[in-house]
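One structure is given below, encoded as structure tokens.
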Amino acid sequence: MDPFLPSLGARASRTAIRLGGANVSYRDLDRLGRAHAERMRSEGVRAGDRIAVWATAELGTIAAIVGNALLGAPSVPLNPALGAGELAHVLRDSAPRAVLAASPDAFRDRTPDVRGVALDDQPRGGAALAEPHPDDALFVLYTSGTTGPPKGAIITHRNAAFDVDALAEAWGWTEEDVLVHALPLFHVHGLILGLLGTLRVGAALTLLPRFAPDAVCAAMENGGTMLFAVPTMYHRLVEHGEASPEDARRLARARLLVSGSAALPVREHDRITRLFGQRPAERYGLTETLIICAARHDGPRAPGLVGPPLPGLDLRLVDDERRPLAAGEDVLGEVAVKGPTVFAGYLNRPDATRAAMDDEGFFYTGDIAAMTADGVRIVGRRATDLIKTGGYKVGAGEVEAALLEHPSVRDAAVIGAPDEDLGERIVAFVVARDGAAPEPRELTEHVAHLLAPHKRPRTVHVVADLPRNAMGKVLKKELAAIASAAATR
Ligand code: MCA
Ligand code: AMP
């Protein structure tokens with residue numbers, strides 16, 4: 001296998017990234033990345049050492065991520081909005097050799113030892129960088145589970161290279177393409193697919209520092225050919241496009257509109273098709289497996305259809321005992337997958353890795369699906385305690401634990417309720433300590449500052465007690481009914 005980032009410099013003056021009005025060529029990016037890698041090496045960083053990077057949409061962030069990849073030092077991208085509690089966990093767990101930021105002053109209060117990324121485009125020369133082995137770690141990406149704090153998924157160079165190559169083939173993604181994305185750079189979607197995918201393919205990327213429908217439409221008008229976005233973004237683009245036909249025409253110029261990270265409702269799929277003159281191509285995956293199914297650019301696209309498994313992956317449906325199910329149109333089972341995109345395990349968590357994988361190497365996704373002749377349909381999830389909101393995965397347990405840290409909360413339970421914009425909305429039920437009912441807004445802020453703003457409950461119900469069964473387990477179905485009744489009131 002060739003290295004994950006092929007010789008970027010060979011692509012010379014072609015544009016790699018458009019960011020904030022600047023065009024960064026492949027040659028420039030290659031020099032910046034190499035200079036960063038050599039500087040890190042001269043400071044004693046070795047292949048395998050982890051480096052945390054505050055993942056702002058800035059050139060310095062990209063130079064650090066590219067340079068770390070060239071050096072073989074896995075990056076641990078940090079969500080710039082990460083709250084104090086979650087940040088402390090990630091830093092403790094990943095024990096990085098260094099914490100870097102493109103604009104370090106913005107993070108000094110949270111990581112006092114943070115250092116800037118020098119945008120030095122003159123590599124010092126010296127010994128050539130040794131090429132990382134395909135099984136070396138490229139990233140440690142933190143992802144939520146049903147219980148406990150987020151776990152660090154170790155993604156290798158091989159994982160990412162195989163995935164990007166298979167997706168490039170499925171989407172006809174070539175050097176001619178200009179991808180538009182406004183996704184965060186601390187998850188698979190924006191980071192591995194959007195940023196590094198573009199660089200591996202040799203295409204160009206227009207990276208918007210934050211999502212805004214008019215900016216996405218303008219970028220498409222300005223030469224964009226593909227869009228990667230989550231369903232919440234498509235919902236907002238459709239709402240915007242219906243009010244602004246001129247912008248809808250701009251977006252309709254796209255060659256391919258790709259949606260993923262959460263289910264795209266049928267209604268939105270149909271609205272996109274009507275408004276932008278093409279069916280979106282859905283694809284499906286997890287942080288731990290990268291993308292494993294994708295509708296092809298020249299294949300069938302339909303609501304709910306996430307496409308066939310990528311060639312080279314072994315994907316099957318299994319029952320509750322993890323026994324493979326015979327294929328059939330109405331057979332529903334949990335998706336299990338084995339192959340070169342499946343991660344190397346959770347950092348420091350062999351127990352969690354063993355629970356998610358079997359001896360054969362199959363990873364159990366927790367997603368329930370059907371397999372049809374046209375591809376896979378995701379129909380649900382095994383665990384109700386995993387919430388997908390705005391394309392972000394959030395464990396109910398981590399939000400409950402954060403709420404319980406608040407002095408006026410005696411008991412707490414969290415569910416995901418259907419939401420037209422976010423897919424699912426985080427709804428919290430709290431029981432006050434000593435009858436002193438906490439202000440819902442204060443609790444929301446508390447979670448946003450401890451974890452991250454996207455993990456904050458959007459609705460808080462203060463209740464006298466939580467409904468529990470005889471075993472003491474909270475009856476979340478009853479809570480869902482209360483949330484739904486309150487939402488329609
Ligand atoms: C509001 N804000 C607060 C608070 N309330 N901040 C602090 N404390 C509070 N109490 C602020 C936020 O910081 C933010 O500020 C603004 O309010 C809105 O935040 P929020 O509601 O969380 O987000 P949004 O603006 O509604 O964003 C929608 C979004 C976003 C753009 C769609 O959810 C998003 O980027 N999603 C992408 C997720 C993703 O990439 N997932 C991929 C996972 P300000 O406005 O100033 O910023 S990888 C994956 O799933 C797999 C592999 C796959 O298949 O891809
Ligand atoms: P994450 O852990 O953030 O990588 O999220 C992975 C989860 O996102 C999967 O287990 C699915 O539940 C969900 N997901 C990703 N893509 C899709 C899709 N196209 N349709 C439905 N669910 C999806």
Side-chain angles (χ1 to χ4, degrees), residues 55 57 77 79-83 141-145 150-151 153 155 163 167 181-194 208-213 216 228-237 258-265 269 280-295 303-307 334-335 337 341 343 356 363-369 375-383 386-395 416 419 421-426 440-458 460:
N79 173 356
L82 209 55
L141 300 180
Y142 279 80
T143 183
S144 295
K151 303 184 285 284
I155 309 294
D163 209 42
L167 291 172
H181 95 63
L183 293 155
L185 293 179
F186 46 86
H187 280 311
V188 168
H189 199 167
L191 178 64
I192 298 187
L193 270 57
L208 304 173
R210 54 178 299 143
F211 174 77
V216 169
F228 288 178
V230 298
T232 300
M233 293 176 175
Y234 280 109
H235 173 75
R236 295 181 189 182
L237 283 165
V258 181
S259 174
S261 301
L264 183 70
H269 185 109
E282 291 187 55
R283 94 293 177 286
Y284 155 77
L286 290 82
T287 301
E288 293 90 334
T289 63
L290 305 186
I291 305 311
I292 54 179
C293 295
L305 189 71
V306 297
E334 180 181 354
V335 178
V337 62
T341 68
F343 76 153
F363 179 90
Y364 293 84
T365 63
D367 292 307
I368 307 296
V376 172
R377 285 179 185 278
I378 306 296
V379 299
R381 220 172 17 232
R382 286 191 65 177
L386 279 182
I387 302 167
K388 263 268 154 157
T389 180
Y392 288 115
K393 189 191 258 185
V394 181
D419 186 275
D421 179 47
L422 296 169
E424 285 183 290
R425 178 167 31 98
I426 300 177
R441 201 187 147 80
E442 191 186 321
L443 292 180
T444 302
E445 298 273 316
H446 167 78
V447 174
H449 292 126
L450 205 56
L451 302 178
H454 67 264
K455 296 190 175 178
R456 71 191 189 277
R458 306 291 167 133
V460 177

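Small disclaimer: the values here were computed from a predicted structure and weren't measured. Excluded from the calculations below are hydrogen atoms, water molecules and symmetry mates; all remaining heavy atoms, backbone and side chain alike, are included. Numbering of ligands and ligand atoms starts at 1, following listing order.
In the vicinity of T143, heavy-atom distances shorter than 4.0 Å reach the ligand 2 atoms 2 (O). If you number the atoms of ligand 1 from 1 as listed, the ones under 4.0 Å from a heavy atom of L286 come out as 52 (C). Interface atoms of ligand 1 facing E445, defined by a heavy-atom separation under 4.0 Å, are 9 (C), 10 (N). Every atom of ligand 1 is numbered from 1 in the order shown, and the set under 4.0 Å from a heavy atom of T287 is 52 (C). Ligand-side atoms of ligand 1 in range of H187: 42 (C), 43 (C), 48 (S), range being under 4.0 angstrom from any heavy atom. Residue L183 approaches ligand 1 through these ligand atoms, each under 4.0 Å from one of its heavy atoms: 40 (O). Every atom of ligand 1 with a heavy atom of P184 under 4.0 Å away is listed here by number and element: 35 (O), 37 (C), 40 (O). Atoms of ligand 2 found under 4.0 Å from any heavy atom of L286 (numbered from 1 in listed order, with element): 4 (O), 6 (C), 9 (C), 10 (O). Taking every heavy atom of V188 and a limit of under 4.0 angstrom, the matching atoms of ligand 1 come to 48 (S), 52 (C). Contact atoms of ligand 2 toward A263: 20 (N), 21 (C), 22 (N) (distance under 4.0 Å to a heavy atom of the residue). Those atoms of ligand 1 with a heavy atom of M233 less than 4.0 angstrom away are 31 (C), 32 (C), 35 (O). Counting atoms of ligand 2 from 1 in the listed order, those under 4.0 Å from a heavy atom of R283 are 16 (N), 18 (C), 19 (N).
Shortest contact from atom 6 (C) of ligand 2 to any protein heavy atom: G285 O, 3.4 Å. Counting protein heavy atoms only, atom 42 (C) of ligand 1 is closest to S261 OG, 3.4 Å. In terms of protein heavy atoms, atom 30 (C) of ligand 1 is closest to Y392 CE1, 3.8 Å. The shortest contact between atom 13 (C) of ligand 2 and any protein heavy atom is with S261 O, 3.7 Å. Looking only at protein heavy atoms, the nearest one to atom 17 (O) of ligand 1 is R456 NH2, 4.1 Å. The nearest protein atom to atom 41 (N) of ligand 1, hydrogens excluded, is given as G391 O, 2.9 Å; this is a heavy-atom distance. For atom 8 (N) of ligand 1, the nearest non-hydrogen atom of the protein is A448 CB, 3.2 Å. If you check which protein heavy atom lies closest to atom 54 (O) of ligand 1, you get R283 NH1, 2.9 Å. In terms of protein heavy-atom proximity, atom 25 (O) of ligand 1 is closest to R236 NH1, 3.8 Å. Looking at atom 45 (O) of ligand 1, its nearest protein heavy atom turns out to be R210 NH2, 3.0 Å.
At a heavy-atom cutoff of 4.0 Å, ligand 1 is contacted by the side chain of R458 but not by its backbone. Contacts with ligand 1 closer than 4.0 Å are made by no heavy atom of T389, backbone or side chain. The side chain of K388, and not its backbone, has at least one atom closer than 4.0 Å to an atom of ligand 2 (non-hydrogen atoms only; side chain from C-beta on). At a heavy-atom cutoff of 4.0 Å, ligand 2 is contacted by both the backbone and the side chain of T287. Counting heavy atoms under 4.0 Å from ligand 2, residue A262 touches it through the backbone alone.
Proximity of K388 to ligand 1 is established by a heavy-atom distance of less than 4.0 Å. Residue G285 places a heavy atom under 4.0 Å from ligand 1. Using a non-hydrogen distance threshold of 4.0 Å, R441 does not register as a contact of ligand 1.
We find the CD1-OG1 distance between I155 and T289 to be 8.5 Å, quoted to the nearest 0.5 Å. Put simply, CG on D421 and OG1 on T389 are 8.5 Å apart, with the number rounded to the nearest 0.5 Å. Y392 OH to N79 CG: the interatomic distance, rounded to the nearest 0.5 Å, is 6.0 Å. For the atom pair E424 CD and R381 CZ, the distance stands at 5.0 Å (nearest 0.5 Å). In this structure, OG on S259 lies 7.5 Å from CZ on R283, to the nearest 0.5 angstrom. To the nearest 0.5 Å, atom CG of residue L193 and atom NE2 of residue H187 are 13.5 Å apart.
Contact between L183 and G190 at its shortest, heavy atoms only, is CB-CA, 3.7 Å. Heavy-atom minimum distance, P213 versus R236: CG-O, 4.0 Å. In this structure, P453 and A81 approach most closely via the heavy-atom pair CD-O, 3.2 Å. The shortest non-hydrogen separation linking L191 to P77 is CD2-CG, 3.9 Å. Heavy atoms only, all atoms of each residue included: A262 and K388 are closest at CB-CD, 4.2 Å. Residues M233 and A182 come closest through the heavy atom pair CE-O, 3.7 Å.
Counting only heavy atoms, the protein gets under 4.0 Å from atom 50 (O) of ligand 1. Proximity of atom 11 (C) of ligand 1 to the protein is not indicated, since no non-hydrogen protein atom lies closer than 4.0 angstrom. Closer than 4.0 Å to atom 22 (O) of ligand 1 lies at least one heavy atom of the protein. Counting protein heavy atoms under 4.0 angstrom from atom 14 (C) of ligand 1 gives zero. For atom 1 (C) of ligand 1, a protein heavy-atom neighbour is present inside the 4.0 Å cut-off.
With a 4.5 Å cut-off on side-chain heavy atoms, T341 and I291 do not count as touching. Looking only at side-chain heavy atoms (C-beta outward), Y284 and V335 come within less than 4.5 Å of each other. Using a 4.5 Å cut-off on side-chain heavy atoms (C-beta onward), I368 and R382 make contact.
Using cut-offs of 30° and 60° on the angle between ring planes, the pair F363 and F343 is perpendicular.
Remark: the backbone N or O of P303 is paired with a side-chain donor or acceptor of R377 at under 3.5 angstrom.
Inclusion of A182 in the set of residues having an N or O under 3.5 Å from an N or O of ligand 1 is not warranted.
Screening L141, T365, T143 against E288 for a side-chain contact (heavy atoms from CB on, under 4.5 Å) leaves a single residue, T143.
Nearest to atom 11 (C) of ligand 2 by heavy atom, out of T289, D367, L141, is D367.
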- Message: Walk me through whether L185 and H181 qualify under side-chain contact (heavy atoms from CB on, under 4.5 Å).
- Response: CA-CA 10 Å; L185 293 179; H181 95 63; 4.0 Å; yes
